[in-house]
Amino acid sequence: MANDQSVRVRFAPSPTGKLHVGGARTAIYNWAFARANGGTFILRIDDTDPTRSTEENTQIILRAMRWLGLDWDEGPDVGGPYGPYKQTDRMDLYREAAERLVAEGKAYYCFCSPEKLAADKAAAEARHDPFQGYQRTCRNIDPAEAQARVDAGESHTIRIKVPLDRGDVVIHDAVHGEVTFNAKELDDFIIFRSDGTPTYNFATVVDDAMMGITHVIRGDDHLSNTPRQVMVYEALGAPVPTFAHISMILGADGKKLSKRHGATSVEEYRDAGFLSDAFVNYLALLGWAPDGETTIVPRDVLARTFSLEHVSKNPSTFDPKKLDWVQQQYVMTMSDADFAQTILVPELRKAGLEGEALSHEAHWYEVLASVLKPRTTMPADVVEKSRFLYAGDALEYDEKSVDKNLRKDYAPAALDAAREALAAVEPWEASAIDGALEPLPEATGINKRKFYGAVRVAECGNQVSPPMGESLELLGRDQVLARIDAAKALCGTAE
RNA sequence: GUCCCCAUCGUCUAACGGUCAGGACAUCGCCCUUUCAAGGCGAGAAAACGGGUUCGAAUCCCGUUGGGGGCACCA
């Protein structure tokens, strides 16, 4: 067993599906709690349900955890002193633990058939018995006789023997406080199935006990299982860890988050282009608040300041709009070079606008990054906003924009003035370009909005575009002048 | 049925017996402005209900209602 000084926590997903947002938040809290307390974060794969667990899902979960940036100190791939870290590799341990409990009289063999169990339960229901658990039929079979029946090959399960004098079970939950379960509710539940595999409530506790887990941070849905698990800890003679049951994550309709609410798995958010920092930030703050003000908590701050005291008891609704906002906050803190390298260029390549060999110098992408950054939430947003830069002479004009900005009597004069000024700008860079254009509306007597509107549509093909100076700088003087010439032809069609 | 959990703006939340119930997202308005953003300023918006306890309750207690979860040889 681990020494009881240091914090040891674990995240133990079942590989029966992808890692979903609720699980991700549980993982984040466990990780952050370990880091904030100088403890150990363990990843364990709870795959005792062989029919639903797959190796593929395990790999998907590991990949998702890595993407989230939640590094684990012990786990299936990195090993550790308390391995193995996959329940299917620990079957012998469960068997030994169960047999030890039987030998110590803390568990017993049960030979009741599923049919008898069902009948007992129906009878209890019929007489409105408040106790609907196992009737303890096999509890008093003589151990020697029971062993003989087992040896003879009779089908059996193993049940925990809840002490008759065990009083109410009181759980000290770090987020819920004291939770009391009535002793009468406890029944002698099955810890080992007739097929020789352990049940979840048993395997988990054996693992948590053997791995020296000090704090069990998990979903609310396990709260009602906790007294059962406490029985196992006590039978095992192991210290009961501190529990922290965190609430569930709901969809906008207040129902448990599911497919019909949209993306539910971590990898869907990754594929959509969310920054893992932003995603972790958002999830961490869904149900945890360091104070009433803070909205941005970078991962390293989370790892330093997370505490269970501030975890909320109420279920929280997943709000995609706020996730978007957090994402944008993170995007805006990126440097131009970083944005260019990690978001802009990859997206341009994905869209086929750039090939493996880049068409411009690094500086060009940084200028583009600087204007696109405050206009970007998702990485893919940059593509449409950059397209005009790659159109060359085949620029597509937005019909409505042309109508409103070029097919006007003032447009030719505006374009002529702009062309003359732009032909002479030195050096060819944003501030000089803006400086050269700036006096022209007044000089030509054309309203500012109209003037810039004409130039904008001529250069970008649309009345909505990134800022003028940078756009023209990126286009290059030759292309800028060529587009003005091309646009003048469009002006001619004015009525 | 039974046990357990939960209940502050639309959403995430702050406060931990005394505040005009604060912040953030979203919404709306204004400002900035050559478009779109970004940014700045501002507005509307909350204690589920009913009883107690207390000089005083969002905060403590009880009940009701409403949501959620467990009660499996699922995890």
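Note that the coordinates shown come from a computational prediction; the quantities given were computed from them, not determined experimentally. Numbers restart at 1 for each chain; the letters A, B, ... are given by sequence-line order, proteins then strands.
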From A/R44, A/Q229, A/H215, residue fulfilling side-chain hydrogen bond (donor to acceptor under 3.5 Å, both in side chains) relative to A/D208
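Testing A/D208 for a side-chain hydrogen bond (donor to acceptor under 3.5 Å, both in side chains) against A/R44, A/Q229, A/H215 leaves exactly one candidate, A/R44.
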Counterpart base for [N], defined by Watson-Crick or G-U wobble contacts under 3.5 Å:
{"N": "B/C41", "value": "B/G29"}
{"N": "B/U19", "value": "none"}
{"N": "B/G1", "value": "B/C71"}
{"N": "B/A24", "value": "B/U11"}
{"N": "B/G50", "value": "B/C62"}

Any [X] side-chain nitrogen or oxygen under 4.0 Å from OP1 or OP2 of [N]:
{"X": "A/S316", "N": "B/C12", "answer": "no"}
{"X": "A/H222", "N": "B/G69", "answer": "no"}
{"X": "A/N225", "N": "B/G70", "answer": "no"}
{"X": "A/S312", "N": "B/U13", "answer": "yes"}
{"X": "A/K121", "N": "B/A72", "answer": "yes"}
{"X": "A/K448", "N": "B/U34", "answer": "yes"}
{"X": "A/S224", "N": "B/C71", "answer": "no"}
{"X": "A/R449", "N": "B/U35", "answer": "yes"}

Contact class for [X] (heavy atom, under 4.0 Å): base, sugar-phosphate, or nothing?
{"X": "A/G287", "answer": "sugar-phosphate"}
{"X": "A/S194", "answer": "base"}
{"X": "A/Q463", "answer": "base"}
{"X": "A/I190", "answer": "base"}
{"X": "A/Q328", "answer": "sugar-phosphate"}
{"X": "A/D47", "answer": "nothing"}

Give the rounded distance in Å between these two atoms: [atom1] of [X] and [atom2] of [N].
{"X": "A/Y200", "N": "B/G70", "atom1": "OH", "atom2": "P", "answer": "12 Å"}
{"X": "A/L186", "N": "B/C4", "atom1": "CG", "atom2": "C1'", "answer": "13 Å"}
{"X": "A/L323", "N": "B/C25", "atom1": "CG", "atom2": "P", "answer": "14 Å"}
{"X": "A/I246", "N": "B/C6", "atom1": "CD1", "atom2": "P", "answer": "15 Å"}
{"X": "A/Y282", "N": "B/U11", "atom1": "OH", "atom2": "P", "answer": "12 Å"}
{"X": "A/F318", "N": "B/G10", "atom1": "CZ", "atom2": "C1'", "answer": "17 Å"}
{"X": "A/K313", "N": "B/C16", "atom1": "NZ", "atom2": "P", "answer": "15 Å"}
{"X": "A/N314", "N": "B/G68", "atom1": "CG", "atom2": "P", "answer": "15 Å"}

When the [atom1] atoms of [M] and [N] are compared, how many Å lie between them, rounded to an integer?
{"N": "B/A14", "M": "B/C60", "atom1": "P", "result": "14 Å"}
{"N": "B/A47", "M": "B/C6", "atom1": "C1'", "result": "15 Å"}
{"N": "B/C20", "M": "B/A46", "atom1": "C1'", "result": "15 Å"}
{"N": "B/C36", "M": "B/G29", "atom1": "P", "result": "14 Å"}
{"N": "B/C5", "M": "B/C41", "atom1": "C1'", "result": "43 Å"}
{"N": "B/C28", "M": "B/G70", "atom1": "P", "result": "40 Å"}
{"N": "B/G52", "M": "B/U11", "atom1": "P", "result": "30 Å"}
{"N": "B/C16", "M": "B/U8", "atom1": "C1'", "result": "14 Å"}

Identify the heavy atoms of A/V9 and A/F33 that sit nearest to each other, and give their distance.
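Minimum heavy-atom contact is CG1-CD2, 3.7 Å.
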Quick check: A/F318 with A/Y282 (ring centres under 6.0 Å apart)?
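Yes: the rings meet the under 6.0 Å criterion.
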State, without any angle test, whether A/Y108 and A/D188 hold a side-chain donor-acceptor pair at a distance under 3.5 Å.
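Per modelled atom types, A/Y108 and A/D188 side chains form a pair under 3.5 Å.
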Does a donor on one side chain sit under 3.5 Å from an acceptor on the other, for A/N405 and A/Q463?
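Checked: A/N405/A/Q463 side chains pair up, N/O donor to acceptor below 3.5 Å.
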Closest nucleotide of RNA chain B for A/D291 versus for A/T48: which of these residues is on the 5' side?
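Result: A/D291.
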On RNA chain B, does the nearest nucleotide to A/S247 precede the nearest nucleotide to A/S14 from the 5' side, or the other way round? Give the residue.
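Nearest-nucleotide comparison on RNA chain B picks A/S247.
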Is it possible for you to check whether A/R149 lies under 6.0 Å from the centre of the six-membered ring of A/Y109, through NZ or CZ, and within 45° of that ring's axis?
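Judged by the rule (NZ or CZ under 6.0 Å from the ring centre, within 45° of its axis), A/R149 is not positioned above A/Y109.
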NZ/NE/NH1/NH2 to OD/OE distance under 4.0 Å, A/D381 and A/R375
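Salt bridge between A/D381 and A/R375, a charged N being under 4.0 Å from a carboxylate O: no.
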For A/R166, does the CZ atom have more than 12 heavy-atom neighbours from other residues, nucleotides or ligands under 6.0 Å away?
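Enclosed.
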If we require ring centres under 5.5 Å and near-parallel planes under 30°, does A/Y452 stack on B/U34?
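Per 5.5 Å and 30° rule: yes, stacked.
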